[in-house]
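Scroll down for the structure; my scribbles are underneath it.
Only this structure's heavy atoms are used, side chains among them; waters, hydrogens and symmetry mates stay out.
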Amino acid sequence: MTETPGRDPDVLTTAELATKLGLSPQTVRRMANAGQIPALKTGKDFRYSWEAVREVLRQPHREPGEAADDPTDQTPAPQPKKGAGYRAQRRARTGAED
């Protein structure tokens, strides 16, 4: 990886982050779109802070339906119907009405 003068070495492109994580660029983009890793949308692509991504990936993985760390949040997340498509799943996550 060649460094551009004046560029923050902590900020990575999708291809650079994919190489560091041993994943495909497509997988990294999907993770960013799903909100699994922090990313800044820049036009058609993303930029990632290596430190922020490492911090998120260090967190323990929670299974769906597992209790959250925040005891004040007692609202269960709505579950999409089994076999629901992408839009239905997204509506369920965001709480949007049908």
Side-chain angles (χ1 to χ4, degrees):
M1 170 168 62
T2 60
E3 246 181 66
T4 306
R7 181 174 161 208
D8 185 349
D10 182 56
V11 178
L12 304 173
T13 64
T14 299
E16 292 167 341
L17 183 62
T19 300
K20 279 189 172 237
L21 295 176
L23 301 171
S24 74
Q26 183 179 16
T27 299
V28 172
R29 278 189 213 94
R30 285 181 183 160
M31 291 173 75
N33 278 320
Q36 294 172 319
I37 56 174
L40 175 66
K41 183 84 167 171
T42 57
K44 292 183 179 181
D45 205 10
F46 293 96
R47 292 295 180 266
Y48 311 86
S49 164
W50 175 237
E51 287 301 317
V53 170
R54 282 182 44 201
E55 187 62 34
V56 167
L57 295 178
R58 285 182 179 153
Q59 301 301 317
H61 177 73
R62 279 192 11 221
E63 293 297 322
E66 197 173 301
D69 291 340
D70 182 8
T72 61
D73 183 19
Q74 299 296 322
T75 309
Q79 297 296 317
K81 295 176 186 171
K82 186 173 182 176
Y86 171 77
R87 287 185 180 144
Q89 291 175 3
R90 186 171 180 181
R91 280 194 300 268
R93 280 195 309 270
T94 60
E97 295 296 318
D98 285 344

For Ala32 and Ala39, the nearest pair of non-hydrogen atoms, with its separation, is CB-CB, 3.8 Å
Could you check Arg47 against Thr13 for side chain to side chain contact (heavy atoms under 4.5 Å, CB included), going step by step and ending with a plain yes or no? CA-CA 5 Å; Arg47 292 295 180 266; Thr13 64; 3.8 Å; yes
Looking only at atom types and distance, does a side-chain atom of Asp10 sit under 3.5 Å from a main-chain N or O of Glu51, one as donor and one as acceptor? yes
Taking every heavy atom of Phe46 against every heavy atom of Lys41, the minimum-distance pair comes out as CE2-CD, 3.7 Å
Val56 and Gln36: CA distance, side-chain angles, deciding distance, side chain to side chain contact (heavy atoms under 4.5 Å, CB included) verdict: CA-CA 8 Å; Val56 167; Gln36 294 172 319; over 6 Å; no
Testing the basics here: between Val28 and Ile37, what is the closest heavy-atom pair and its distance to 0.1 Å? O-CD1, 3.8 Å
Return the CG to CD distance between Leu57 and Glu55, rounded to the nearest 0.5 Å. 9.5 Å
Between Leu17 and the options Val53, Val11, Leu23, the side chain to side chain contact (heavy atoms under 4.5 Å, CB included) test singles out Val53
Heavy-atom pair with the smallest gap, counting every atom of Tyr48 and Pro38: CD2-O, 3.6 Å
